[in-house]
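Here is the structure we will look at.
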Amino acid sequence: MVRSVNAVNNDDTANGGVTDAEWAHARLGAWWEANARDLPWRFGRATPWGVLVSEVMSQQTQMSRVVPYWTDWMRMWPDAAALAGASTAEVITAWGRLGYPRRALRLQECARVVADRWHDDLPRGYDDLIALPGIGDYTASAVMSFAYGERIAVIDTNIRRVLSRLFLGVESRGGSASPAERDLANRALPRDARRSVTWNQSVMELGAVVCTAKTPLCDACPVRDRCAFLAAGRPGLGERRTRPRQRFAGTDRQVRGLVLDALRGLPDGETSLPRAQLEALWADRVQLDKCVASLDDDGLIEMLPDGAVRLPR
DNA sequence: ATCCGGTACA
DNA sequence: TGTACTGGAT
């Protein structure tokens, strides 16, 4: 019998019936104080816009890789108005090898909306945030919590995995968050706004560095004593996600990355990549042309009449 | 070789 | 509801 089941009580218990929630709040709070990584956008050192930029960059990349990009980026474009005024070519170049460059484009679109419609002042409401380009539920919630200190459940895969293991004793499934998972996240959230922010951050951090998907470091876990997943013998640890397998070699993703990388690496003074150099990047002409067309569709490159390509101005 | 994830959109 | 989108870590 798993001890910390997600039992809903009829009486008004402190956390909607999530057994041990308060104990976990205290444990993870202490763990956070001692173990939080000193990332430059944490501990009130970044503006709300800076927090948003860090969240967008972190959506797809480990924090440690994000740090130098974020630092350079914020030095170059400290606020939304500055980013709004940059050329798209500069933005794509600065995005460098962070991956998913369409997000750089969306971040700049977001900056333009914030600069124009919000007078360069990032909106403070979830509904207004989620309406911005490239901002979905996770990022809107993260900004509400981490930048504005509001009490709101932040739900990403790390948090889903940790809460599911700790309180339910099972692995969270792939795909989008279920209503039950959202419900659990809301019931486990501390009542107090300030503590809810720490909770969101510490659960996410725990998932990133201790309660990892494949090989969790349970010996080093601050909540191991009451973890339902550990008590149950870690059933289905690291089991196959419902997400399809993602390979990279030979895919359109690789080809697109190659083309953008060549454009970013153009020598000073050169602004376009001639057709011959483009063709030298990839042997399969059909796939190459398909990828060039899709990059053009996405607004990541422009095709010139002579077959050369360049970053948008 | 295999792992990873939020957003937009079909 | 499922899929495309990248590139570094392991």
Side-chain angles (χ1 to χ4, degrees), chain A residues 51-69 92-110 113 126 129-146 153-162 164 171-179 181-182 185 200 203-205 207-217 237-265 281-282 287 290-301:
Chain A
V51 172
L52 182 144
V53 172
S54 79
E55 291 300 338
V56 170
M57 288 181 168
S58 304
Q59 282 165 10
Q60 68 235 3
T61 313
Q62 290 175 322
M63 297 281 193
S64 56
R65 280 177 58 214
V66 166
V67 170
Y69 285 97
I92 294 169
T93 300
W95 195 257
R97 303 184 71 81
L98 273 176
Y100 298 103
R102 290 190 301 195
R103 298 179 187 214
L105 250 30
R106 297 216 179 96
L107 184 55
Q108 189 180 33
E109 291 166 25
C110 176
V113 174
Y126 175 90
L129 288 168
I130 207 170
L132 295 169
I135 307 302
D137 171 71
Y138 164 74
T139 308
S141 303
V143 169
M144 290 298 290
S145 180
F146 304 149
V154 175
I155 301 180
D156 74 343
T157 54
N158 279 335
I159 289 184
R160 287 167 62 194
R161 182 176 61 251
V162 172
S164 180
E171 291 285 31
S172 78
R173 301 175 333 177
S176 46
S178 67
E181 284 179 307
R182 296 189 167 277
N200 285 329
V203 174
M204 203 179 305
E205 188 88 340
V209 306
V210 173
C211 193
T212 54
K214 226 177 65 176
T215 53
L217 308 172
L237 173 64
E239 76 188 359
R240 190 185 288 293
R241 313 186 76 78
T242 61
R243 220 176 191 38
R245 294 199 160 304
Q246 294 161 314
R247 43 201 202 283
F248 182 64
T251 60
D252 291 354
R253 295 175 177 185
Q254 184 186 18
V255 179
R256 286 166 54 103
L258 242 29
V259 173
L260 278 188
D261 203 39
L263 283 167
R264 281 192 296 257
L281 293 173
W282 196 252
Q287 188 182 21
K290 171 168 169 268
C291 290
V292 166
S294 77
L295 286 167
D296 182 55
D297 270 356
D298 287 343
L300 284 162
I301 66 170

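Proteins get letters first, then strands, A, B, ... in listed order; numbering begins at 1 in each.
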Span that lies between the P atom of C:dG8 and that of B:dT7, in whole angstrom: 22 Å

Quick one: label A:Gln62 by what it contacts on the DNA or RNA (base, sugar-phosphate, nothing), any heavy atom closer than 4.0 Å. sugar-phosphate

Could you check whether A:Asp156 gets within reach of a base, just the sugar-phosphate, or nothing at all, counting any heavy atom under 4.0 Å? sugar-phosphate

Roughly how far, to the nearest 0.5 Å, is the CD1 atom of A:Ile92 from the CG atom of A:Leu105? 5.0 Å

Select from A:Pro133 and A:Gln60 the residue whose nearest nucleotide in DNA chain B is closer to the 5' end of that strand. A:Gln60

Considering only B:dT7, C:dT6, B:dA8, which nucleotide approaches the side chain of A:Gln59 most closely? B:dT7

Test side chain to side chain donor-acceptor pair (under 3.5 Å) applied to A:Gln62 - qualifying residues, sequence neighbours left out: none

Pairs under 3.5 Å (Watson-Crick or G-U), crossing ones as [ ], inter-strand ones as |: DNA chain C comes out as |||||.||||

Out of B:dA8, C:dT6, C:dG7, whichever nucleotide has its closest atom nearest the side chain of A:Arg264: C:dG7

Can you measure A:Asp297 atom CG to B:dA8 atom P for me and round it to whole angstrom units? 18 Å

A:Leu300 versus A:Arg256: any side-chain heavy-atom pair under 4.5 Å? yes

Without hydrogens or angle criteria, can the side chains of A:Ser164 and A:Glu181 be said to hold a donor-acceptor pair below 3.5 Å? no

Give a yes/no answer on whether the side chain of A:Arg256 brings an N or O atom under 4.0 Å of OP1 or OP2 in C:dT6. yes

Tell me whether the side-chain N/O atoms of A:Arg65 come closer than 4.0 Å to OP1 or OP2 in B:dC4. no

Rounded to whole Å, how long is the line connecting atom CE of A:Met57 with atom C1' of B:dT7? 17 Å

Taking OP1 and OP2 of C:dT1, is either one under 4.0 Å from a side-chain nitrogen or oxygen of A:Ser176? no

Please report, rounded to the nearest Å, how far the P atom of C:dT6 is from the CG atom of A:Leu105. 10 Å

Does A:Leu260 reach a base, just sugar-phosphate, or nothing at all? Heavy atoms under 4.0 Å. nothing

Minimum side-chain heavy-atom gap A:Trp95-A:Arg264 below 4.5 Å: no

Return no unless some side-chain N or O of A:Arg97 is found under 4.0 Å from OP1 or OP2 of C:dG8. yes

State which residues pass side chain to side chain contact (heavy atoms under 4.5 Å, CB included) with A:Ala94; sequence neighbours excluded, sorted by chain then number. A:Trp73, A:Met76, A:Trp77

To the nearest 0.5 angstrom, please state how far the CD1 atom of A:Ile155 sits from the OG atom of A:Ser178. 9.0 Å

